[in-house]
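Dropping a structure here in structure tokens format, bear with me for questions.
Sequence lines set the chain letters: A, B, ... in the order given, protein chains first and strands last, and positions in each chain run from 1.
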Protein chains: 2
Amino acid sequence: MHSTTKPLPDCTIFLLAKAYQKAHGRFKEILKPYGLTNLQHLVLEGLWYEAGQTAAELGKMLVMDKATLSGVLDRMSEAGWVEKRPDPDDRRVVRLFPTRYADDHKSELIELRKQANEALLARFSVEEQVLLKRFLWDLMEPERA
Amino acid sequence: MHSTTKPLPDCTIFLLAKAYQKAHGRFKEILKPYGLTNLQHLVLEGLWYEAGQTAAELGKMLVMDKATLSGVLDRMSEAGWVEKRPDPDDRRVVRLFPTRYADDHKSELIELRKQANEALLARFSVEEQVLLKRFLWDLMEPERA
DNA sequence: AATTTTTCCTTCGTATGCGAACATTTATCG
DNA sequence: CGATAAATGTTCGCATACGAAGGAAAAATT
């Protein structure tokens with residue numbers, strides 16, 4: 001049912017990509033009924049953590065390119081999840097807020113994310129879960145000389 | 001210089017995505033001078049592992065959608081990395097081969113991939129490296145009930 | 001105050017990534 | 001044999017991703 005041999009030479013980058021794709025794909029299915037993508041859900045979590053952030057601040061928090069964020073915010077604004085308010089003090093800035101509609105689904109959507117993470121980690125022991133998270137954090141750090 | 005606090009609630013899916021993006025981005029820079037993308041490099045490795053594969057076989061080996069592969073192969077064929085030959089026995093099938101030009105860079109490109117993986121894993125002990133790879137393999141498996 | 005630099009956001013171009021629909025071809029089954 | 005089913009590859013549509021360039025506005029510098 002599954003290819004027991006390694007499909008490709010020992011390539012951790014490849015493994016990372018596929019592990020991510022699997023986890024991403026599963027959560028994507030869960031979110032589909034809500035008309036939200038993974039990234040859009042992430043944006044909502046970011047705004048629930050702190051409303052009124054600028055696109056630049058949100059991009060830093062979510063470690064995501066501002067160019068990508070621009071399109072995402074457009075679609076979310078269009079779909080009624082996010083409201084873009086111009087900053088009165090700085091006309092370059094747009095401040096972002098979850099809409100009433102988004103807040104109405106807040107607890108539900110946060111619960112979905114929790115469950116998806118638990119399902120993803122259910123195959124590991126508690127010790128392994130801690131270790132895995134540390135590994136992933138370490139991987140995000142710049143490489144050492 | 002870096003945000004010491006977790007940017008978002010404990011979300012392994014997010015960590016996976018960002019760890020992947022970092023690793024992917026680094027290798028992307030390494031490949032840039034060759035005019036190859038990560039995925040295109042992966043295709044070459046797949047064809048060096050076994051030349052003459054069909055797009056379907058290659059997609060299975062690389063765990064990648066045939067729709068994605070179609071465009072990738074077009075661009076690689078256009079750029080002179082891959083040759084598409086029609087199968088004489090099955091007119092639906094196209095068989096894929098690395099070009100002479102690709103083979104001329106084979107050892108060089110494989111070495112680059114090895115080095116990138118070593119650099120990625122250099123921050124971990126040997127035991128941690130083994131564990132990390134096992135974790136990633138496990139993550140690719142379907143979730144248990 | 002005028003110039004330069006920086007910041008914020010958008011837009012463009014290219015490359016994934018994948019579901020869905022399709023045409024062509026092959027296999028299967030009644 | 002003929003109808004149906006299945007496999008292969010392409011195309012379309014949508015949503016990331018991100019480098020690069022650009023326009024507007026604010027900050028810093030002289």
Measure the angle between the two terminal helix axes of the helix from C/dA1-D/dT30 to C/dG30-D/dC1, five base pairs each, and quote it to 10°.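 Taking five pairs per end, the axes differ by 10°.
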Under the side-chain contact (heavy atoms from CB on, under 4.5 Å) test, residues paired with B/S107 that sit two or more places apart: none
Whole angstrom value for the distance that separates C1' of D/dA25 from CG of A/D87: 12 Å
Report the distance from atom CZ of B/F14 to atom P of D/dT16, rounded to the nearest whole Å. 15 Å
side-chain hydrogen bond (donor to acceptor under 3.5 Å, both in side chains) against B/R75, all qualifying residues, sequence neighbours excluded: none
Salt bridge (charged side-chain N to carboxylate O under 4.0 Å, His left out) with A/D74: which residues, sequence neighbours excluded?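 Testing A/D74 for salt bridge (charged side-chain N to carboxylate O under 4.0 Å, His left out), a comparison that skips the adjacent residues, returns A/K84.
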Using atom CZ of A/R75 as one end and atom P of D/dC14 as the other, report the distance to the nearest whole Å. 11 Å
Between protein and nucleic acid, restricted to nucleotides 7-10 of chain D and to nitrogen or oxygen atoms under 3.5 Å apart, what atom pairs and distances do you find?
from	atom 1	to	atom 2	distance (Å)
D/dA7	N3	B/R92	NH1	3.1
D/dG9	OP1	B/V94	N	3.1
D/dG9	OP1	B/V94	O	3.4
D/dG9	OP2	B/A56	N	2.8
D/dG9	O6	B/K66	NZ	3.4
D/dT10	OP1	B/K84	NZ	3.3
D/dT10	OP2	B/S70	OG	3.0

DNA chain D contacts made by residues 28-35 of chain A, counting heavy atoms under 4.0 Å: none
Nearest atoms (heavy-atom pairs only) where B/C11 meets A/R113: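 Looks like SG-CD, 3.8 Å.
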Closest non-hydrogen atom pair, A/L121 against A/K133: CD1-CE, 3.7 Å
Nucleotide interval of DNA chain C bounded by contacts with chain A (heavy-atom cut-off, under 4.0 Å):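 So the contact region on DNA chain C extends C/dT7 to C/dC18.
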Going by the rule side-chain contact (heavy atoms from CB on, under 4.5 Å), which residues pair with A/A55 if we only count those two or more places apart in sequence or in a different chain?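 Applying side-chain contact (heavy atoms from CB on, under 4.5 Å) to A/A55 gives A/L73, A/L96.
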Do you know the tightest heavy-atom contact between B/L109 and B/E45?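 Minimum heavy-atom separation between B/L109 and B/E45: O-OE2, 4.5 Å.
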In this structure, how many angstroms lie between the P atom of D/dG19 and the CD atom of B/Q21, rounded?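 Going from CD in B/Q21 over to P in D/dG19 covers 11 Å.
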For residues 29-37 of chain A, dump all side-chain donor-acceptor pairs below 3.5 Å to protein atoms at least two apart in sequence or in another chain.
from	atom 1	to	atom 2	distance (Å)
A/Y34	OH	A/E108	OE2	2.7
A/T37	OG1	A/Q40	N	3.2

Which atoms form the tightest heavy-atom contact between A/A102 and A/L44, and what is the distance?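 Heavy atoms only, the tightest pair is CB-CD2, 4.0 Å.
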Under 4.0 Å, heavy atoms only, any strand: does B/T37 hit a base, just the sugar-phosphate, or nothing?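 Contact class for B/T37: sugar-phosphate only.
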What pairs with A/F27 under ring pair (Phe, Tyr, Trp, His ring centres under 6.0 Å), at least two apart in sequence or on another chain? A/H41
Starting from P on D/dA17, measure out to CG on B/L39 and report it in whole angstrom.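 After rounding, the gap between these two atoms is 15 Å.
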Go through the structure and list residues passing ring pair (Phe, Tyr, Trp, His ring centres under 6.0 Å) with A/F97, not counting sequence neighbours.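 Here no residue qualifies.
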Mind checking side-chain contact (heavy atoms from CB on, under 4.5 Å) for A/E50 and listing every partner two or more places apart, or none if nothing turns up? A/Q53
What do the steps show when you test B/F135 against A/L131 for side-chain contact (heavy atoms from CB on, under 4.5 Å), and what is the final call? CA-CA 10 Å; B/F135 287 165; A/L131 212 45; 4.1 Å; yes
With DNA chain C as reference, determine whether B/M64 or A/D65 sits nearer its 5' end, using the nearest nucleotide of each.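 Between the two, 5'-proximity favours A/D65.
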Write down the distance between CZ (B/F27) and P (D/dC18), rounded to a whole number of angstrom. 17 Å
